[in-house]
Amino acid sequence: MNTIEQIQKTVADLVPLYSQAEADLPDRPLWEHPEIDTVIESLRILSDILFPGKYMPEPSDFRRFFIQQLENVVEILQQEIAKALPIRWKGAADLHENRTPIDNLDRASTEIVNQFLATIPTIRTMLIEDVKAAYNGDPAALSYAEVKLAYPGLVAITSHRIAHELYLLNVPLIPRIMSEHTHSLTGIDIHPGATIGKGFFIDHGTGVVIGETSHIGNNVKLYQGVTLGAKSFPLDEHGRPIKHIQRHPTVEDNVIVYANSTILGGDTVIGKGTVVAGNVFLMQSTPPGSLVTRADGGVVVRTRETSERGAGI
Amino acid sequence: MNTIEQIQKTVADLVPLYSQAEADLPDRPLWEHPEIDTVIESLRILSDILFPGKYMPEPSDFRRFFIQQLENVVEILQQEIAKALPIRWKGAADLHENRTPIDNLDRASTEIVNQFLATIPTIRTMLIEDVKAAYNGDPAALSYAEVKLAYPGLVAITSHRIAHELYLLNVPLIPRIMSEHTHSLTGIDIHPGATIGKGFFIDHGTGVVIGETSHIGNNVKLYQGVTLGAKSFPLDEHGRPIKHIQRHPTVEDNVIVYANSTILGGDTVIGKGTVVAGNVFLMQSTPPGSLVTRADGGVVVRTRETSERGAGI
Amino acid sequence: MNTIEQIQKTVADLVPLYSQAEADLPDRPLWEHPEIDTVIESLRILSDILFPGKYMPEPSDFRRFFIQQLENVVEILQQEIAKALPIRWKGAADLHENRTPIDNLDRASTEIVNQFLATIPTIRTMLIEDVKAAYNGDPAALSYAEVKLAYPGLVAITSHRIAHELYLLNVPLIPRIMSEHTHSLTGIDIHPGATIGKGFFIDHGTGVVIGETSHIGNNVKLYQGVTLGAKSFPLDEHGRPIKHIQRHPTVEDNVIVYANSTILGGDTVIGKGTVVAGNVFLMQSTPPGSLVTRADGGVVVRTRETSERGAGI
């Protein structure tokens with residue numbers, strides 16, 4: 001078989017698989033869904049409104065610049081939210097939730113966009129507190145500009161505070177496309193559902209995972225590799241994971257969690273001011289002001305001559 | 001010295017270093033190798049064939065669209081594989097493997113491309129199982145579309161199933177350029193050599209490393225930060241690492257490995273249905289149905305008043 | 001309120017917040033700072049000079065090609081360094097350091113660029129040692145070209161050796177923008193201040209964090225998820241973190257640190273030839289030739305029938 005014949009055979013084999021998959025996975029075709037690149041574009045414009053100058057030159061007229069940028073965001077979000085809304089009642093997972101279709105998608109989308117616009121000043125106010133928390137929390141930070149221009153934790157919380165407002169407005173999929181893009185850029189994976197208080201700082205950040213139903217208080221600081229995750233998934237009477245209970249921890253005000261620690265469980269409450277050391281695996285609540293360390297008494301240091309080569313590595 | 005003079009001096013110092021390096025590192029110049037950006041472009045087109053609509057608008061004619069896309073892939077891969085094949089016998093590491101040069105690179109490349117084309121329908125079938133595994137494995141997933149559009153684990157396994165077929169066809173370098181690009185996007189580092197069964201799901205994924213000779217069964221689920229790695233490298237009579245023995249673990253069907261656990265060793269077999277808890281460091285085999293946890297008895301929780309400031313953090 | 005009215009209200013609410021923030025965060029506006037995209041462009045051109053052919057086709061005239069590329073780099077760096085220098089004395093954090101303004105920013109920037117140009121041949125020489133270290137340190141590496149084209153550890157150390165020279169020349173912000181871009185690409189976060197010897201190899205790399213005042217010797221090898229971090233931050237008489245003491249570890253020649261281990265503290269010295277196993281949490285020095293393992297005696301393996309469902313996970 002030459003290459004042209006092989007291409008035709010491959011396509012002949014592929015096409016029925018797409019039909020089969022549509023029967024297996026009852027979604028609409030992907031092109032009816034929000035466009036990834038367009039959603040990411042809206043996130044970038046919003047970041048520029050929240051930190052003007054980070055990516056764009058100085059505008060000649062500030063007020064006009066912001067109005068234009070918001071008009072661009074509105075145009076994108078109205079269109080993409082209208083595409084996303086049917087997922088609420090057409091998505092396979094929602095079939096058991098009996099949600100009723102919306103008649104006028106454009107009007108519904110416009111209402112959501114208007115509500116979202118009203119939240120932007122509050123997002124900005126929160127982000128300034130986050131900049132201060134990063135600056136004060138890291139001796140290596142030499143200016144606020146450094147935090148704004150070179151801290152992945154700020155990129156992550158900026159994206160999250162935007163995506164979280166859309167999540168609260170019950171917009172399907174778009175917040176997750178935003179959070180996943182930011183995850184790709186920063187290595188920080190915050191589900192849009194997570195509730196996060198003021199003055200939040202993630203240092204370095206690669207490997208951080210914050211689950212959908214996490215509750216985080218004010219002035220909390222996390223280091224790279226920290227997971228706030230689920231312990232196990234309670235199932236409903238149909239054997240499906242129950243989707244709307246708290247599966248992830250509560251972390252109260254002024255808590256610090258050092259690198260690569262894992263905290264699991266919807267019942268787990270880390271009390272105010274607790275410090276969790278690095279590489280800790282924690283599935284229990286702690287009283288306020290606790291210090292949590294590993295129980296293993298640390299490490300064994302041997303000279304290599306007295307040990308087998310390769311042992312323990 | 002002014003800047004122009006300094007530029008000339010720097011270039012005068014640099015040029016002999018390139019010649020020196022060629023003597024030290026007996027590769028051909030980099031421009032004779034596959035182009036990174038072109039290889040990544042082929043990966044993107046293949047992703048669109050496997051999940052049509054993820055990045056591109058709806059085509060007016062499906063069959064024609066797929067044929068055109070495959071023609072584009074064929075053109076890229078024929079050209080880049082022809083550049084890659086000489087690495088088999090010219091690459092420094094292969095000098096001791098006595099491989100003989102191929103006379104007609106274009107013909108050899110075309111044959112490989114044809115064989116690769118024939119695997120695409122099977123890749124698609126496998127990926128649908130992966131989508132289902134992700135949807136069923138994560139309570140936060142609300143539709144199949146969400147998995148297809150916003151799950152890094154699916155990006156990683158899509159790329160891997162493509163790269164692995166090229167690896168099996170003994171194509172040098174190109175599979176690794178693909179896997180490394182995907183590693184950059186997702187934080188998930190799967191060597192193209194790894195064998196992975198049906199219904200594979202990596203949740204969150206940042207920090208996952210799956211080594212070249214890993215064997216993974218069906219319906220396996222890994223969380224972020226999991227390593228399937230090598231324990232030590234047996235050396236040959238010349239003191240060089242032996243390249244073609246199993247250095248990485250075998251993970252049997254229905255195994256779950258929770259966040260940030262490390263499993264090492266080519267002799268290590270994780271038996272069917274085993275659950276490995278988070279933050280575990282494991283270098284031994286487990287019987288089927290095992291539950292593996294840390295032996296350290298968990299954590300110590302103290303009030304901070306009774307402990308030294310900074311201790312344990 | 002319709003959308004147009006809502007946009008105007010949002011802008012009316014936002015504009016005073018920007019003025020407020022300027023009072024709170026005494027930086028210059030972001031558009032007076034170095035441009036992120038331009039700095040990244042200079043890093044890309046420098047990478048191409050250091051590994052010609054990685055991203056660009058073969059030039060017809062080598063010497064002329066390098067001169068043109070360096071001229072491009074010089075133009076970018078002169079302009080961006082001139083923007084960055086005022087951060088030394090205008091940045092909030094530097095207010096207590098009493099640095100005096102530079103009169104002629106362009107001349108100061110040119111001098112720095114000239115000094116930087118002179119370091120490029122040495123950077124190239126160091127990087128060839130890094131390529132060899134990667135090739136020799138990884139059985140999966142089949143050619144030097146594979147290391148140059150597909151190893152994130154090499155991307156990270158290339159960027160670091162460039163950023164570190166600018167850091168030594170006391171250039172604000174630009175080295176951090178470079179290191180953060182590379183962090184985003186590779187998951188490897190090396191502060192530009194870190195001192196790193198010859199023949200350095202990071203394998204896989206996602207989640208690696210190397211702090212500003214780390215000292216790393218020759219022929220050191222780190223795996224994914226390794227942190228060289230700070231234990232605690234000594235405060236000055238104003239309660240501010242002291243910025244110029246060693247807060248991060250010293251790692252001597254020929255040390256290997258396996259995956260996901262954390263080493264903390266400015267007093268911590270890992271002696272020559274020490275091997276630190278995976279998932280170790282270490283806050284003490286080790287004598288030369290040590291082998292460091294976890295003290296927890298490994299893991300507990302139970303059959304799942306005898307254990308509670310969900311326990312330990």
Side-chain angles (χ1 to χ4, degrees), chain B residues 1 3 6-8 10-11 13-15 17-18 21 24-25 27 29-31 33 36 87 91-94 172-173 176-177 180 183-184 187 189 191 206-207 209 212 225 227 229 233 241-243 247 258 260 262 275 277-282 286-287 289-296 310 313, chain C residues 49 51-55 57-58 62-63 66-67 70-71 74 110 113-114 117-118 120-121 124-125 128 131-132 135 139-146 148-152 185-187 204 206-207 224-225 231-232 259-260 278-279 294 296-305 307 311-313:
Chain B
M1 205 166 353
T3 304
Q6 180 61 57
I7 287 175
Q8 292 188 334
T10 297
V11 171
D13 290 347
L14 270 172
V15 171
L17 292 178
Y18 297 123
D24 286 1
L25 306 180
D27 280 333
L30 286 183
W31 19 62
H33 285 96
I36 293 175
I87 299 171
D94 283 340
L173 200 50
R176 279 286 291 125
I177 291 174
E180 197 43 46
H183 180 198
S184 177
D189 183 356
H191 193 286
T206 307
V209 174
E212 180 176 18
T227 290
F233 308 145
I242 301 174
K243 303 245 173 192
R247 308 184 303 278
Y258 283 89
N260 302 316
T262 302
V275 173
N279 285 40
V280 161
F281 186 76
L282 185 63
T286 68
S290 298
L291 175 66
V292 183
T293 56
R294 282 161 66 154
D296 61 8
I313 60 176
Chain C
I49 292 166
F51 292 106
K54 178 162 181 181
Y55 297 108
E58 186 171 8
F62 265 69
R63 192 172 297 266
F66 289 119
I67 287 174
L70 283 178
E71 284 171 351
V74 161
T110 298
V113 169
N114 288 358
L117 285 173
I120 294 176
R124 163 76 189 188
T125 302
I128 292 301
V131 171
K132 288 182 196 167
Y135 177 75
L142 294 176
S143 64
Y144 293 114
E146 183 176 335
K148 292 184 218 162
L149 296 176
Y151 270 62
L185 288 179
T186 64
H204 309 295
T206 307
Q224 67 272 17
K231 204 155 45 176
S232 58
N260 302 315
N279 285 40
R294 282 162 66 154
D296 61 10
V299 294
V300 177
V301 179
R302 290 170 287 178
T303 59
R304 286 162 81 193
E305 287 68 29
S307 70
I313 61 177

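None of the values given here were measured: they were computed from a predicted structure. Convention: sequence-line order gives letters A, B, ...; per-chain numbering from 1.
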_With chain B as the partner, which of C:V74, C:T186, C:I49, C:N279 has the greatest number of non-hydrogen pairs under 4.5 Å?_
C:N279
*Interchain contact, C:N260 with chain B, by part (heavy-atom threshold 4.5 Å)*: side chain
*Side chain, backbone, both or neither: which part of C:E58 has a heavy atom under 4.5 Å from chain B?*
both
*Under 6.0 Å between the ring centres of B:W31 and C:F51?*
no
_At a 4.5 Å cut-off on heavy atoms, which part of B:L173 comes close to chain C: side chain, backbone, both, or neither?_
side chain
*Flag the pair B:Y18 / C:F66 as yes when at least one side-chain heavy-atom distance between them is below 4.5 Å, and no otherwise.*
yes
*Taking B:G225, B:P287, B:G187 one by one, which has the highest count of heavy-atom pairs under 4.5 Å against chain C?*
B:G187
*Tell me, out of B:I7, B:D13, B:D189, who's got the most heavy-atom pairs with chain C below 4.5 Å.*
B:I7
*List for me each residue that meets side chain to side chain contact (heavy atoms under 4.5 Å, CB included) alongside B:P172, sequence neighbours excluded, and say none if there are none.*
B:A84, B:L85, B:I87, B:R88
*Contacts of type side chain to side chain contact (heavy atoms under 4.5 Å, CB included), residue B:T10, not counting sequence neighbours*: B:Q6, B:L14, C:L70, C:L117, C:I120, C:P121
_Donor-acceptor pair, distance only, cut-off 3.5 Å: does the side chain of B:R176 make one with the backbone of C:A150?_
yes
